[in-house]
Amino acid sequence: MSLLKVENIQKSFGKTQVLKDISFSLEKGEVLAIIGSSGSGKTTLLRCLNFLEAPQGGKITVNGNSLLDCGSKTKASDAEIRKNRLHFGLVFQSFNLFPQYRVIENITLAPRMLAKEQIKTSGEFMGAKSYKEALELIETNALSLLDKVGLSEKKDSYPCNLSGGQQQRVAIARALALNPDVLCFDEPTSALDPELTGEVLNVIKGLKSSDSTMIVVTHEIEFARDVADKIIFMADGVIAEEGTPEQVIGNPQNPRTQAFLSRFNQYAK
């Protein structure tokens with residue numbers, strides 16, 4: 001059974017259809033890279049998966065549990081949508097750290113809020129029976145994540161004192177803090193200069209070795225070739241081509257994929 005199954009996702013803004021019957025699946029531990037020109041629908045797809053946008057059609061299933069079924073007559077409540085979001089972590093292009101909070105606070109803010117809610121409603125959070133015990137678990141986990149992204153010494157720093165690459169690594173740790181089933185990246189290096197891009201890509205490569213399931217929207221074609229198990233090329237709101245890196249990048253069959261990669265190769269030279 002697939003960890004993630006996406007079926008016939010459709011999304012329009014007004015009369016403009018941005019996503020047209022997008023379908024794919026992912027097994028646990030797989031990395032999917034999504035490539036394509038600007039305006040092809042890549043970011044909108046990620047926002048639909050993270051319940052930041054509401055599709056007009058389609059289904060989303062995680063671990064066999066239906067999170068979204070646009071054919072259902074029952075509309076999800078705000079509480080259900082918040083719960084569904086927990087299955088996905090999202091790392092944005094522009095970091096989106098809270099400037100008024102220290103690094104450690106940026107990572108622990110969402111888990112602390114969730115712990116308070118879950119202990120109140122169900123009596124426990126990650127095995128902790130009290131809010132005080134939950135805070136200790138959250139702090140320990142945050143420090144472990146900072147170590148994973150190589151920023152243990154920056155836990156008390158504010159975002160303004162970090163480089164762009166360091167901020168993005170903190171954002172990755174923050175996205176991991178709630179232990180999502182699928183970690184999503186929306187062009188995580190697009191706001192970085194070439195010198196800092198490598199450090200962020202290395203962190204993502206490290207996550208692959210830890211069996212994380214990831215969806216990476218990226219313009220880094222060589223990174224996609226090296227890290228992804230599957231690649232989707234999107235154009236005009238549809239999946240124009242999908243397959244392994246060898247198939248999509250090494251031997252593309254769709255003329256639109258060929259034209260896109262040709263432009264990339266010319267630019268790379």
Side-chain angles (χ1 to χ4, degrees), residues 1-26 28 32 34 41-93 96-98 101 105-131 133-135 137-138 141-142 171 174-186 212-215 217 237:
M1 181 177 65
S2 299
L3 172 71
L4 171 66
K5 191 173 183 180
V6 176
E7 301 175 80
N8 307 114
I9 292 294
Q10 303 168 37
K11 176 63 181 176
S12 296
F13 295 101
K15 295 182 179 180
T16 303
Q17 191 172 9
V18 180
L19 298 176
K20 308 167 187 175
D21 290 324
I22 300 294
S23 299
F24 63 89
S25 63
L26 270 181
K28 181 173 175 55
L32 168 67
I34 303 178
K42 306 184 301 297
T43 293
T44 299
L45 175 58
L46 282 193
R47 290 180 63 82
C48 287
L49 291 177
N50 284 270
F51 295 89
L52 297 174
E53 297 286 354
Q56 283 88 24
K59 298 179 181 180
I60 298 174
T61 306
V62 174
N63 278 324
N65 298 314
S66 177
L67 303 187
L68 173 77
D69 184 352
C70 292
S72 172
K73 296 180 180 179
T74 304
K75 184 179 179 181
S77 66
D78 290 343
E80 288 172 326
I81 291 173
R82 288 197 299 272
K83 184 177 180 181
N84 289 341
R85 283 193 186 121
L86 297 176
H87 292 279
F88 299 89
L90 179 58
V91 179
F92 299 89
Q93 295 181 29
N96 285 11
L97 300 179
F98 295 107
Y101 295 136
E105 292 168 326
N106 266 278
I107 296 171
T108 59
L109 179 61
R112 284 190 282 118
M113 294 173 64
L114 182 63
K116 187 174 291 187
E117 178 182 329
Q118 289 192 353
I119 287 175
K120 183 178 180 180
T121 56
S122 65
E124 69 172 89
F125 174 78
M126 295 172 59
K129 302 296 184 181
S130 69
Y131 185 58
E133 185 181 349
L135 289 181
L137 287 174
I138 290 167
N141 185 50
R174 180 179 62 180
L176 288 167
L178 290 174
N179 193 31
D181 292 301
V182 182
L183 185 58
C184 302
F185 296 85
D186 186 10
S212 294
T213 307
M214 296 184 281
I215 300 174
V217 169

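Given the structure is predicted, the values throughout are model-derived calculations rather than measurements.
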**Request:** Specify the closest pair of heavy atoms between N106 and F98, including all atoms of both residues, with the distance to one decimal.
**Result:** OD1-N, 2.7 Å
Got a list of side-chain donor-acceptor pairs under 3.5 Å for residues 112-128, not counting sequence neighbours?
residue: R112; atom: NE; partner: T108; partner atom: OG1; Å: 3.4
residue: T121; atom: OG1; partner: E117; partner atom: O; Å: 3.0
residue: T121; atom: OG1; partner: Q118; partner atom: O; Å: 3.4
residue: S122; atom: OG; partner: Q118; partner atom: O; Å: 2.8
residue: S122; atom: OG; partner: E124; partner atom: O; Å: 3.4
residue: E124; atom: OE1; partner: K129; partner atom: NZ; Å: 3.1

**Asked** Sub-3.5 Å donor-acceptor pair from the side chain of S212 to the main-chain atoms of M214, do we have one?
**Response** no
**Message:** With rounding to the nearest 0.5 angstrom, report the CG to CZ distance, L97 to R174.
**Reply:** 5.0 Å
**Fill in**
Of all heavy-atom pairs linking K83 and H87, the shortest is O-CD2, 3.9 Å
**Prompt:** What distance do I215 atom CD1 and K42 atom NZ have between them, rounded to the nearest 0.5 Å?
**Reply:** 14.0 Å
**Item:** Atom of S25, atom of S2 and distance for their closest heavy-atom approach
**Value:** CB-OG, 3.6 Å
Taking distance alone, no hydrogens or angles, what donor-acceptor pairs closer than 3.5 Å link side-chain atoms of residues 49-66 to residues at least two apart or in another chain?
residue: N50; atom: ND2; partner: L46; partner atom: O; Å: 2.9
residue: E53; atom: OE2; partner: R47; partner atom: NE; Å: 3.4
residue: Q56; atom: OE1; partner: S12; partner atom: N; Å: 2.6
residue: Q56; atom: NE2; partner: S12; partner atom: O; Å: 3.4

**Prompt:** To the nearest 0.5 Å, how far apart are CG in D69 and OG1 in T74?
**Reply:** 9.5 Å
**Prompt:** Closest heavy-atom contact between D21 and Q10?
**Reply:** OD1-NE2, 2.9 Å
**Prompt:** Taking only residues two or more places apart in sequence, or in another chain, which ones meet Y131 in a ring pair (Phe, Tyr, Trp, His ring centres under 6.0 Å)?
**Reply:** none
**Request:** Please tell me if the side chains of I22 and K11 come closer than 4.5 Å, counting only heavy atoms from C-beta onward.
**Result:** no
**Asked** Within a strict 4.5 Å, meaning less than it, do heavy atoms of the L4 and D181 side chains meet?
**Response** no
**Message:** Rounded at 0.5 Å granularity, tell me how far CG in D186 sits from OG1 in T44.
**Reply:** 9.0 Å
**side chain to side chain contact (heavy atoms under 4.5 Å, CB included) partner of P111, chosen from N141, L135, L178** = L178
**Item:** 4.5 Å side-chain heavy-atom contact, L3 and L26
**Value:** no
**Fill in**
Here the gap from I34 atom CD1 to F24 atom CZ, rounded to the nearest 0.5 Å, amounts to 5.5 Å
**Item:** Considering all heavy atoms, the nearest N84-F88 contact
**Value:** O-CD1, 3.9 Å
